[in-house]
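These notes concern the structure reproduced below.
The analysis underlying the following values was restricted to heavy atoms, covering all of them including side chains, and did not include hydrogens, waters or symmetry mates.
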Amino acid sequence: MPTDTLPTIPVTGPEGFTLHTVVSGSGDRVLLGLHGGPGGEGGDYLGPLHRLASSSRKVMTFDQLGTGQSDVPPADYAWTLAAAVADVDAVRRASGADKIDLLGHSWGGMLALQYTLDHPERVGSLVLSNTTGNSARITLDAIAQLSTLMPPTQACAAVTADALGEHTSPDYLAAVAKWLEHYGTAQDGPLQTLTAEALDPGPAGHGLWGDRLWFANGALRGWDVEPRLGEITAPTLIIHGGSDMSSPQSNKALAQGIRHAEWLTMNNNSHDMFDVENAGTYLAIVRAFLNGWEQG
C-alpha cells in the first residue's frame with residue numbers, strides 16, 4: 001500500500017523537529033511501526049503495514065528524524081538513542097493512545113526494544129522483526145556471513161576496507177553487493193535501494209550507527225540490552241528470515257531473554273519482509289499475533 005495515498009500528520013518531537021507521520025484506520029488500538037536504518041529513505045517501505053488498519057485498529061508509521069520527509073537537523077546536531085526514543089513517544093502521544101502495539105524492523109527493532117525498556121507501561125505487545133538486542137552481533141554476524149559467501153582472503157579484504165574507511169575499494173563494494181543480495185533482499189528494486197542506503201545512510205545513519213557499514217562507531221557503539229531482556233513483560237513476537245542478516249543466533253538470544261516471546265522464522269525470506277512476495281504471509285502472521293492467535 002503506497003503511503004502517499006494515506007492521510008499524514010505532522011508530529012513535533014521534543015526537540016522541535018517535525019516528524020512526517022502516516023496514519024490509517026481508527027479505533028482505540030494503535031499499531032506503531034518503526035522503520036530500519038538507521039537513516040536512509042525513511043518509513044515508506046513499511047506501507048504494507050497499513051493493510052492491518054481497520055475500524056478498530058489505527059496504524060501509524062513515520063519517517064524518523066533526518067529521513068524521508070521529516071526534518072533534517074543541523075550538521076552539528078548530537079545524535080543520541082535517547083532522542084530517538086523520545087521521538088517515538090511523541091508519535092505515541094499524537095496517536096492519543098496510552099498504550100500501543102509496537103513493531104520494529106531491523107534498526108527499528110533495536111529502537112523498539114529500547115523504547116519498551118524505557119517505557120514499559122506504554123507497550124501492550126511487541127513485534128521484533130529482523131533485529132537484534134546487541135550492536136556487536138551485527139558486526140560478528142556480518143563477518144560470519146561474508147565468510148560463507150566468498151573466499152577468506154576476499155572477505156577479510158572487504159572487512160578490513162570497511163574498518164579503515166576505504167569505501168571505494170573494489171573488494172568492499174563487491175562484498176557489500178553480494179552480502180545484501182543474499183542476506184538483504186533478492187528483489188532488484190529493494191536491493192538497489194538497500195545498497196544505496198548501505199553505502200550512504202545519510203545524517204541519521206552516520207550519527208546513530210556511524211561511518212562504517214559493519215562496525216558501529218556512532219551513538220550505537222557498545223549498545224547492548226540483552227542483559228535487560230528479562231525486564232520485558234509485553235507479549236512479544238520475534239520474526240526473521242531464513243537467509244537474514246539478522247542471524248538465528250541473534251534471534252535466539254532475544255527469544256531466550258524475553259519471557260513471553262514466540263520466535264518464528266520465515267525460511268524463504270531474507271531481511272526484507274515487505275516486498276510483494278513476502279508481505280501477505282508476514283502480515284497474516286503479525287495480524288494473528290496482535291489478535292492473540294485467535295482461531296478463525
Side-chain angles (χ1 to χ4, degrees), residues 11-21 32-46 61-92 102-119 128-142 162-163 165 167 176 179-180 184 193-226 228 245-246 250 254 271-272:
V11 174
T12 302
E15 298 176 307
F17 300 114
T18 299
L19 304 170
H20 177 79
T21 305
L32 175 57
L34 305 179
H35 67 76
E41 296 185 357
D44 190 60
Y45 79 90
L46 294 180
T61 55
F62 73 101
D63 295 337
Q64 295 164 30
L65 185 64
T67 74
Q69 298 182 59
S70 289
D71 283 350
V72 178
D76 61 353
Y77 177 76
W79 293 89
T80 67
L81 183 55
V85 168
D87 283 346
V88 174
D89 201 51
V91 177
R92 192 273 310 164
L102 188 59
L103 182 150
H105 174 251
S106 192
W107 139 250
M110 299 163 71
L111 181 56
L113 277 167
Q114 192 65 59
Y115 182 85
T116 302
L117 289 167
D118 291 351
H119 301 281
L128 299 174
S129 183
N130 316 77
T131 193
T132 184
N134 184 339
S135 62
R137 287 191 183 274
I138 297 174
T139 300
L140 297 178
D141 287 348
D162 186 37
H167 290 156
V176 170
W179 179 63
L180 292 176
T193 300
L194 195 60
T195 302
E197 292 184 357
L199 297 176
D200 183 10
H206 289 304
L208 288 167
W209 180 256
D211 59 0
R212 302 293 188 268
L213 177 58
W214 295 307
F215 301 88
N217 62 356
L220 288 169
R221 180 179 179 180
W223 178 80
D224 179 11
V225 297
E226 288 183 356
R228 297 185 59 196
M245 59 181 71
S246 173
S250 289
L254 293 173
H271 197 64
D272 183 4

Is the shortest side-chain heavy-atom distance between His119 and Arg92 below 4.5 Å? no
Are any of the side-chain heavy atoms of Val88 and Gln114 separated by less than 4.5 Å? no
Identify the heavy atoms of [X] and [Y] that sit nearest to each other, and give their distance.
X: Phe17; Y: Pro73; result: CZ-CB, 3.6 Å
X: Gly13; Y: Ala90; result: CA-CB, 4.1 Å
X: Tyr45; Y: Gly36; result: OH-N, 2.7 Å
X: Ser250; Y: Asp141; result: OG-OD2, 2.8 Å
X: Leu128; Y: Gly109; result: CD2-O, 3.7 Å
X: Pro201; Y: Ala198; result: CD-O, 4.2 Å

Residue pair His271 / Ser106, side-chain donor-acceptor N/O under 3.5 Å = yes
Donor-acceptor under 3.5 Å ([X] side chain, [Y] main chain):
X: Asp162; Y: Leu213; value: yes
X: Ser135; Y: Leu220; value: yes
X: Ser70; Y: Leu65; value: no
X: Gln64; Y: Pro38; value: no
X: Asn130; Y: Asp272; value: no

Spatial distance of atom [atom1] ([X]) from atom [atom2] ([Y]) [nearest 0.5 Å]:
X: Leu111; Y: Trp223; atom1: CG; atom2: CH2; answer: 9.0 Å
X: Ile138; Y: Met245; atom1: CD1; atom2: CE; answer: 9.5 Å
X: Leu19; Y: Asp63; atom1: CG; atom2: CG; answer: 8.5 Å
X: Arg228; Y: Asp118; atom1: CZ; atom2: CG; answer: 6.5 Å
X: Thr139; Y: Arg212; atom1: OG1; atom2: CZ; answer: 12.0 Å
X: Thr18; Y: Asp71; atom1: OG1; atom2: CG; answer: 4.5 Å

*When the ring centroid of Trp209 is compared with that of Trp107, is the distance short of 6.0 Å?*
no
Residue pair Phe62, Val11: steps toward the side-chain contact (heavy atoms from CB on, under 4.5 Å) verdict
CA-CA 9 Å; Phe62 73 101; Val11 174; over 6 Å; no
